[in-house]
**Q** 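Would you mind keeping the following structure in view while I ask a few things?
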Amino acid sequence: METPKTSNFIRDIINQDIKEGAPLAEGAIVETRFPPEPNGHLHIGHAKSICLNFGLAAEYNGVCHLRFDDTNPTKEEAEYVEAIKRDVKWLGFDWGQHLYYTSDYFDRLYKCAVELIKKGKAFVCHLSPDEIRQYRGTLTHPGQNSPYRERLVDENLELFEGMRQGKFEEGSCVLRARIDMSSPNLNMRDPVLYRIIKNTPHHRTGTKWCIYPSYDYSHPISDAIEGITHSICTLEFEDHRPLYDWILNELSLFKSHPKQIEFARLNLTYTVMSKRKLLELVSGSFVTDWDDPRMPTISGLRRRGYTPEAIRKFCEVIGVAKANSIVDIALLEYCLREDLNQRAARVMAVLNPLRLVIDNYPEDLTEELEAENNPEDASMGSRKIPFGKVIYIEQDDFCEQPPKGYFRLAPGCEVRLKHAYYVKCVDVIKDNNGRVVEVHCTYDPETKGGWSKDGRKVMGTLHWVSVEHAIPSEVRIYSHLFTKPNPEDEGAPLAEEAPLAEITPMAKGAPLPTKKAEDFKSNLNPESLIKLTSAMVEPSLANADVGNRYQFLRHGYFCVDADSVPNMPIFNRTVSLKDSWARSGKAR
Ligand code: ATP
Ligand code: MG
């Protein structure tokens with residue numbers, strides 16, 4: 001799949017910076033970072049950010065850091081750290097020696113706060129979270145100064161040290177920047193820099209600290225400590241940029257002043273893309289776990305059978321823009337099909353079996369028939385598949401009274417069995433309810449391999465599996481996790497309330513909700529997983545390795561699930577063959 005290099009306005013900015021020598025001074029290299037908070041598993045939106053940050057670093061011969069933004073022990077876990085590392089590696093990126101944790105900077109962050117206090121740029125405030133919200137004002141009304149704002153430097157230093165030593169209760173005070181309560185930008189109205197969190201050990205620093213820095217405070221400093229040149233984040237941080245710059249300007253100790261650049265986050269149809277919501281699906285058992293193949297997490301996509309190549313291709317094709325939009329999930333599936341088409345071996349699997357007996361085939365004969373593994377790639381070779389007198393075909397490949405235009409098996413009709421012979425239906429056997437339970441055919445021995453010398457036409461080509469050699473298996477058919485293209489955007493408009501991100505002092509650039517969200521879980525698709533438990537697959541799949549990917553002829557792409565046991569493989573449908581993206585004419 002050849003696509004032209006998509007536009008990326010960040011590349012233009014970096015090119016300009018290289019020309020002008022700032023923030024890329026003489027000899028400096030492009031340094032980016034991917035800064036996940038270890039409070040959940042990565043999703044496909046993070047993949048966009050990973051591809052962008054690691055991709056730009058590679059393009060400019062620079063480096064990309066992996067930095068765990070671990071400043072909130074109440075939500076973070078070491079387990080997530082390991083999972084995130086695994087996912088970034090699996091996507092094909094390498095941070096080399098550049099693995100960092102914001103918690104490694106806690107001492108320096110503390111010293112920086114002391115410096116701000118000494119400059120009269122920060123103060124300890126005893127207003128409650130509610131009062132901070134009231135004093136903050138709104139988009140149309142300026143805020144009011146905190147009554148603690150004019151405290152003397154020495155008193156602030158002593159109180160802040162007291163906070164560090166654990167002398168105050170959680171929630172009783174915070175350290176705030178002293179900027180401007182009448183700023184039109186709410187983020188500049190004396191934002192919170194430090195809050196007290198007690199009784200929750202941090203996954204790395206244990207109980208050493210009971211005060212933790214806010215994202216807005218720690219992020220610019222961490223970037224500067226690491227010498228990041230371009231700090232790329234999502235659009236909801238645009239209004240935080242003045243604060244990012246304010247902090248670095250006030251702290252003269254850093255040589256480098258990274259440039260914050262915002263881009264539009266990825267949204268996908270029929271899914272949700274927020275760790276908080278994904279966690280809700282896991283903890284409410286709406287899915288089996290973070291790696292449920294229906295989840296948009298990297299681990300879910302991996303288990304579903306996605307390849308890292310397909311995900312990277314997708315991230316390249318969608319490009320990087322400055323305006324929010326929702327990408328059609330069909331585009332992601334299109335990228336996947338294009339990739340799997342090249343690499344997946346073709347095999348035969350019957351999902352809903354119906355017995356077919358070939359009356360004129362010798363009783364105890366088994367033939368080993370040659371079958372190519374991938375018509376797109378001869379180097380993938382071929383294999384032998386056993387054929388016998390009794391085989392399975394799909395139930396819906398037979399119809400006793402076929403409608404017009406039915407190109408499969410019916411009484412008196414002839415079809416091709418893929419790689420085998422032509423067979424013609426001569427009789428059916430029914431159960432007491434009149435349901436067809438067995439189809440009887442005759443075969444033409446002159447059509448071995450599935451070709452006739454006289455060139456006569458048949459109704460169609462069916463896949464099949466020999467009954468004697470078939471391997472019983474379970475096949476899991478997945479559909480979209482949600483029934484609506486945008487499961488989150490269906491509620492009534494919010495009343496004139498302050499947006500959430502503004503109310504919670506520590507809220508980290510959360511997108512401002514503009515609508516009262518109907519509970520997104522009410523849009524879950526009850527048919528997102530259908531288990532077919534009586535499937536039969538060809539014997540070459542008996543002990544296929546977990547993660548192996550195949551094309552089941554006429555059905556789609558499937559991969560071997562981790563739940564498989566020897567001689568009982570379980571397959572996840574990765575994606576069907578039906579390509580709504582290509583059919584829509586949107587594919588190049
Ligand atoms: P979520 O909103 O899903 O909880 P987050 O932004 O809180 O994600 P972080 O761990 O802070 O999660 O994200 C790490 C990086 O990934 C950040 O730089 C963030 O901007 C980026 N990122 C997160 N979600 C997306 C997305 N949907 N599209 C692009 N980048 C994203
Ligand atoms: Mg978030």
Side-chain angles (χ1 to χ4, degrees), residues 8 10 32-57 64-72 75-77 80-81 83-85 87-88 91 93 95 100-102 214-216 218-220 222-223 226 228 230-241 244 258 260-269 271-282 290 295-301 311-312 314-316 318-327 329 332 486-488 500-501 504 506-513 517 520:
N8 175 341
I10 301 178
T32 56
R33 85 284 169 270
F34 173 64
E37 186 181 355
N39 63 348
H41 288 242
L42 298 183
H43 50 59
I44 178 92
H46 294 112
K48 175 176 178 179
S49 175
I50 292 167
C51 290
L52 178 60
N53 280 293
F54 280 92
L56 284 171
C64 179
H65 302 184
L66 174 62
R67 182 199 312 144
F68 287 98
D69 180 27
D70 53 351
T71 56
N72 184 353
K75 292 192 184 154
E76 297 159 7
E77 287 173 30
Y80 293 137
V81 169
I84 289 171
K85 285 195 217 165
D87 288 349
V88 175
L91 278 173
F93 298 102
W95 53 86
Y100 305 103
Y101 296 82
T102 304
S214 66
Y215 173 85
D216 278 340
S218 59
H219 209 78
S222 306
D223 282 346
E226 292 174 19
I228 297 300
H230 296 86
S231 180
I232 303 167
C233 61
T234 37
L235 271 186
E236 65 273 19
F237 290 100
E238 197 164 18
D239 290 344
H240 298 236
R241 189 175 352 122
Y244 184 100
Q260 177 178 308
I261 307 169
E262 307 85 17
F263 71 101
R265 61 195 295 123
L266 169 67
N267 298 299
L268 266 188
T269 55
T271 190
V272 293
M273 200 85 83
S274 131
K275 279 182 281 185
R276 186 180 59 75
K277 290 193 174 133
L278 296 174
L279 176 61
E280 237 180 290
L281 295 178
V282 173
W290 285 96
M295 291 279 271
T297 50
I298 305 297
S299 51
L301 296 171
I311 296 176
R312 292 204 302 264
F314 169 73
C315 290
E316 187 188 322
I318 55 176
V320 182
K322 196 91 193 168
N324 278 316
S325 64
I326 302 187
V327 175
I329 199 167
L332 177 62
N486 185 354
E488 299 174 274
L500 268 182
T504 322
M506 303 314 297
K508 175 192 149 186
L512 309 184
F520 70 101

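These numbers were taken from a predicted model, which means no experiment stands behind them. All values below were derived from every heavy atom in this structure, side-chain atoms included, with hydrogens, water molecules and symmetry-related copies excluded. Counting starts at 1 for both ligands and their atoms, following the listed order.
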**Q** Which atoms of ligand 1 sit under 4.0 Å from any heavy atom of Pro36?
**A**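 Those atoms are 10 (O), 14 (C).
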
**Q** Evaluate the side-chain proximity of Leu279 to Trp290: yes if any heavy-atom separation is below 4.5 Å, no if none is.
**A**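 Sidechains of Leu279 and Trp290: in contact.
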
**Q** With a 4.0 Å cut-off on heavy atoms, does Phe237 reach ligand 1?
**A**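 No, Phe237 has no heavy atoms under 4.0 Å from ligand 1.
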
**Q** Look only at interatomic distance and state if Leu266 has a nitrogen or oxygen under 3.5 Å from any nitrogen or oxygen of ligand 1.
**A**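 Right, the criterion is met.
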
**Q** With the side chain counted from C-beta on, respond yes when Arg67 and Asp223 share a heavy-atom pair under 4.5 Å apart, and no when they do not.
**A**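 Arg67 reaches Asp223 side chain to side chain.
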
**Q** Taking the side chain as C-beta and beyond, is there a heavy-atom pair between Pro38 and Glu77 under 4.5 Å?
**A**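 Not in contact.
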
**Q** Below 3.5 angstrom, do we get any N/O pair linking Arg265 and ligand 1?
**A**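 Min N/O separation from ligand 1 is below 3.5 Å for Arg265.
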
**Q** Any Lys/Arg nitrogen of Lys75 or Glu37 sitting under 4.0 Å from an Asp/Glu carboxylate oxygen of the other?
**A**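 Looking at Lys75 and Glu37, the cut-off is not met.
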
**Q** Examine Lys275 against ligand 1 and note whether any of their N/O atoms are separated by less than 3.5 Å.
**A**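 N/O-N/O distance under 3.5 Å: yes.
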
**Q** At less than 4.0 angstrom from any non-hydrogen atom of Phe34, what atoms of ligand 1 do you find?
**A**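 In order of numbering, the contacting atoms are 14 (C), 15 (C), 16 (O).
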
**Q** Pro35 heavy atoms, cut-off 4.0 Å: which ligand 1 atoms fall inside?
**A**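 By the 4.0 Å cutoff, the relevant atoms are 14 (C), 18 (O).
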
**Q** Within a distance under 4.0 Å of any heavy atom of Ser49, pick out the atoms of ligand 1 and give their elements.
**A**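 Counting from 1, the qualifying ligand atoms are 16 (O), 21 (C), 30 (N).
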
**Q** Would one find an N or O of Arg33, backbone or side chain, under 3.5 Å from an N or O of ligand 1?
**A**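 No, there is no polar N/O contact under 3.5 Å.
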
**Q** Can you name the one residue among Met273, His46, Glu236 that meets side-chain contact (heavy atoms from CB on, under 4.5 Å) with Arg265?
**A**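 It is Glu236, the one option of Met273, His46, Glu236 that forms the side-chain contact (heavy atoms from CB on, under 4.5 Å) with Arg265.
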
**Q** Looking at ligand 1, does any of its N/O atoms fall within less than 3.5 Å of an N/O of Glu37?
**A**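 Yes; at least one N/O pair falls below 3.5 Å.
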
**Q** Would you say Phe263 touches ligand 1, if touching means a heavy atom closer than 4.0 Å?
**A**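 A heavy atom of Phe263 does come that close to ligand 1.
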
**Q** Using a 4.0 Å cutoff against the non-hydrogen atoms of Met273, which atoms of ligand 1 qualify?
**A**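 Those atoms are 3 (O), 27 (N).
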
**Q** Could you check Leu301, Ile44, Thr271, Leu281 and say which one makes a side-chain contact (heavy atoms from CB on, under 4.5 Å) with Met295?
**A**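 Running side-chain contact (heavy atoms from CB on, under 4.5 Å) over Leu301, Ile44, Thr271, Leu281 with Met295 returns exactly one hit, Leu281.
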
**Q** Look at the aromatic rings of His219 and Tyr244 and report parallel, tilted or perpendicular, splitting at 30° and 60°.
**A**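 Rings of His219 and Tyr244: tilted, as their planes differ by 30° to 60°.
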
**Q** Does at least one non-hydrogen atom of Lys277 fall below 4.0 angstrom from an atom of ligand 1?
**A**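 No, Lys277 has no heavy atom closer than 4.0 Å to ligand 1.
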
**Q** Does His43 reach ligand 1 with a nitrogen or oxygen that is under 3.5 Å from one of the ligand's nitrogen or oxygen atoms?
**A**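 So ligand 1 has an N or O lying under 3.5 Å from an N or O of His43.
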
**Q** On a heavy-atom basis, I'd like to know which of Cys233, Gly45, Cys315 is closest to atom 29 (C) of ligand 1.
**A**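 The residue whose heavy atom sits nearest atom 29 (C) of ligand 1 is Gly45.
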
**Q** So, Tyr80 versus His41, ring centres under 6.0 angstrom or not?
**A**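 Yes, ring centres under 6.0 Å apart.
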
**Q** What distance do Tyr100 atom OH and Asp69 atom CG have between them, rounded to the nearest 0.5 Å?
**A**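 Nearest 0.5 Å value for the OH-CG distance: 15.5 Å.
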
**Q** Do the charged groups of Arg276 and Glu280 touch, with an N to O distance under 4.0 Å?
**A**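 Salt bridge present between Arg276 and Glu280.
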
